[in-house]
Protein chains: 2
Amino acid sequence: MTRLEDVLDRIRERGGRVTVPRRVIIDAMLGAGEHVTADDLAARVQAEHPDIHLSTVYRCLDTLTELGVVTHVHLGHGPAVYHLADHPHMHVVCESCGEVVEVPDDLLDGVARRLASEVGFTLDPTHFALVGRCRRCAAP
Amino acid sequence: MTRLEDVLDRIRERGGRVTVPRRVIIDAMLGAGEHVTADDLAARVQAEHPDIHLSTVYRCLDTLTELGVVTHVHLGHGPAVYHLADHPHMHVVCESCGEVVEVPDDLLDGVARRLASEVGFTLDPTHFALVGRCRRCAAP
DNA sequence: TTAGCTGCAAAAGGTTTGCAAATTA
DNA sequence: TAATTTGCAAACCTTTTGCAGCTAA
């Protein structure tokens with residue numbers, strides 16, 4: 001369970017500045033569930049701080065990603081979703097209803113090994129989502 | 001190895017019309033390698049038929065997808081890539097240099113089984129790409 | 001003080017859409 | 001002829017960027 005102060009400390013450690021937008025954005029991520037888009041985040045943040053611009057949200061998310069405290073995932077279509085990098089995991093998204101499910105990050109360990117030895121490819125399994133159909137949306 | 005006529009027949013069977021843009025686009029896909037973006041395709045097509053518009057390419061690709069003769073894949077960032085649906089396969093893309101590698105479509109069979117039984121999720125493994133780093137781009 | 005941020009406005013990249021004219025069956 | 005499809009222009013959505021002013025250290 002990540003705390004705001006831990007993240008701020010990390011920013012300072014790495015020579016970054018602790019600014020109002022950064023503090024507020026991280027706070028919003030702590031408050032939000034998983035799978036927040038930049039736009040979601042901007043809306044949450046702007047409820048209290050209307051002048052924090054969407055482009056600032058993107059820039060902060062970038063910085064926080066470089067600092068290793070935030071990650072994003074590309075679902076098939078649609079915008080990327082962001083979350084704190086406190087517990088690595090993969091995402092599975094339903095291509096029909098858009099539901100996103102979290103699954104253990106070691107799900108692809110076997111595949112990663114095969115790819116490494118057969119194709120020389122180092123998998124980055126938390127950076128993309130598996131796509132398919134959830135129980136509700138699958139056939140009959 | 002798919003032939004132009006097979007695809008055209010399929011369009012007719014399904015009640016679609018065989019138009020110049022559709023014929024030319026399919027032909028371009030047969031000529032192109034794998035991993036063509038809509039934009040690539042428009043450029044190829046426009047070399048001979050300058051008035052086939054990019055939006056027509058998108059619309060034809062949509063139709064052809066519904067007819068089951070074309071598929072597309074979302075690489076992490078960047079545009080989707082299209083190919084004929086003649087031999088199902090997965091894609092692995094390097095997040096650094098963008099290189100795309102084709103891998104067997106049964107690579108995720110084990111994962112698909114686990115997801116089906118544990119989460120009730122039916123994987124659609126050819127609709128997204130695995131992301132990571134190719135040998136050249138992986139560390140030193 | 002000054003390097004590093006932010007707000008704003010504008011653009012860029014990929015894709016979709018409305019509509020009238022052209023084309024297929 | 002009637003229903004689809006196309007060309008074009010314009011919109012859309014997500015993300016990025018240039019720049020002048022602001023702010024944390």
Side-chain angles (χ1 to χ4, degrees), chain A residues 7-26 28 35-43 45-46 48-67 70-82 93 95 98 127-129, chain B residues 8-26 28 35-43 45-46 48-67 70 72-82 93 95 98 127-129:
Chain A
V7 181
L8 301 185
D9 283 348
R10 178 128 194 195
I11 294 177
R12 291 189 193 97
E13 275 168 27
R14 304 287 192 96
R17 291 183 180 179
V18 173
T19 66
V20 174
R22 288 181 186 177
R23 191 190 303 268
V24 171
I25 287 168
I26 295 160
H35 325 131
V36 215
T37 65
D39 214 61
D40 289 343
L41 222 35
V45 157
Q46 287 166 359
E48 290 274 322
H49 302 260
D51 50 349
I52 294 184
H53 200 273
L54 177 57
S55 70
T56 300
V57 172
Y58 275 107
R59 274 192 283 227
C60 289
L61 287 172
D62 265 15
T63 307
L64 295 172
T65 299
E66 270 157 33
L67 296 176
V70 164
T71 323
H72 68 271
V73 189
H74 302 281
L75 312 180
H77 307 250
V81 298
Y82 295 80
V93 54
E95 62 197 347
H127 194 198
F128 61 91
Chain B
L8 300 185
D9 283 349
R10 178 130 195 191
I11 295 178
R12 290 188 193 100
E13 275 167 28
R14 304 285 192 98
R17 293 184 178 179
V18 173
T19 66
V20 173
R22 286 181 189 177
R23 190 192 302 269
V24 171
I25 288 168
I26 295 161
H35 327 129
V36 213
T37 65
D39 214 60
D40 290 343
L41 222 34
V45 157
Q46 286 166 0
E48 289 275 321
H49 302 260
D51 50 349
I52 295 183
H53 200 274
L54 177 57
S55 71
T56 300
V57 172
Y58 276 108
R59 274 193 284 224
C60 289
L61 288 171
D62 265 15
T63 307
L64 295 173
T65 299
E66 271 157 31
L67 296 176
V70 163
H72 68 271
V73 189
H74 302 281
L75 310 181
H77 308 251
V81 298
Y82 296 82
V93 53
E95 63 197 349
H127 194 196
F128 60 90

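Proteins come first, then strands; the chains are lettered A, B, ... in the order of their sequence lines, and each starts at number 1. Predicted model, so just to flag it, every value in this text is computed and none were measured.
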* Does a side-chain N or O from Arg22(A) land closer than 4.0 Å to OP1 or OP2 of dC5(C), or not? ->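 Answer is yes, contact under 4.0 Å.
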* Does a side-chain N or O from Thr56(A) land closer than 4.0 Å to OP1 or OP2 of dG7(C), or not? ->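 Indeed, a polar side-chain atom of Thr56(A) lies that close.
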* Asked: Where do His127(B) and His74(B) land on the ring pair (Phe, Tyr, Trp, His ring centres under 6.0 Å) test, with the steps shown first?
  -> CA-CA 7 Å; His127(B) 194 196; His74(B) 302 281; 5.1 Å; yes
* To do: Indicate, with a heavy-atom threshold strictly under 4.0 Å, whether Ile52(A) touches base, sugar-phosphate, or nothing.
  =>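 The answer is sugar-phosphate, as Ile52(A) gets under 4.0 Å only of primed atoms, P, OP1 or OP2.
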* Asked: When all nucleic acid strands are considered with a 4.0 Å heavy-atom cut-off, which category describes Ser55(A): base, sugar-phosphate, or nothing?
  ->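 Result for Ser55(A) = base.
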Could you tell me how far apart [X] ([atom1]) and [N] ([atom2]) are, to the nearest whole angstrom?
X: Arg23(B); N: dT6(D); atom1: CZ; atom2: C1'; answer: 16 Å
X: Glu66(A); N: dG4(C); atom1: CD; atom2: P; answer: 13 Å
X: His53(A); N: dT6(C); atom1: NE2; atom2: P; answer: 13 Å
X: Asp40(A); N: dT15(D); atom1: CG; atom2: C1'; answer: 15 Å
X: Leu75(A); N: dC13(D); atom1: CG; atom2: C1'; answer: 15 Å
X: Asp39(B); N: dA12(C); atom1: CG; atom2: C1'; answer: 13 Å
X: Arg14(A); N: dA24(D); atom1: CZ; atom2: P; answer: 22 Å
X: Ile11(A); N: dA24(D); atom1: CD1; atom2: P; answer: 13 Å

* Proximal nucleotide (of dA24(D), dT24(C), dG14(C)) relative to the Val20(A) side chain ->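 Selected nucleotide: dA24(D).
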* Asked: With nearest nucleotides of DNA chain C determined for Pro50(A) and Tyr58(B) from heavy-atom distances, which residue corresponds to the more 5′ nucleotide?
  ->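 Final value for this comparison: Pro50(A).
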* Starting at the 5' end of DNA chain D, which residue's closest nucleotide do you reach first, Thr19(B) or His77(B)? ->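 Its nucleotide being nearer the 5' end, the pick is Thr19(B).
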* **Polar side-chain contact Arg59(A)-dG7(C) base: donor and acceptor under 3.5 Å** =>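 Check passes, donor-acceptor contact within cut-off.
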* To do: Enter the distance from Ile25(A):CD1 to Thr19(A):OG1 here, rounded to the nearest 0.5 Å.
  =>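 Those atoms lie 7.5 Å apart.
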* If you measure from CD on Glu13(A) to CG on Leu67(A), what distance do you get to the nearest 0.5 Å? ->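 Atom-to-atom, Glu13(A):CD and Leu67(A):CG are 10.0 Å apart.
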* Aromatic ring pairing His72(B)/His77(A), orientation class (parallel under 30°, perpendicular over 60°, tilted between) ->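 Because their plane-to-plane angle is over 60°, the rings of His72(B) and His77(A) count as perpendicular.
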* Asked: Do Arg59(A) and Asp62(A) meet the salt-bridge criterion of a basic N to acidic O distance under 4.0 Å?
  ->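 A salt bridge is absent here (no side-chain N lies under 4.0 Å from a carboxylate O).
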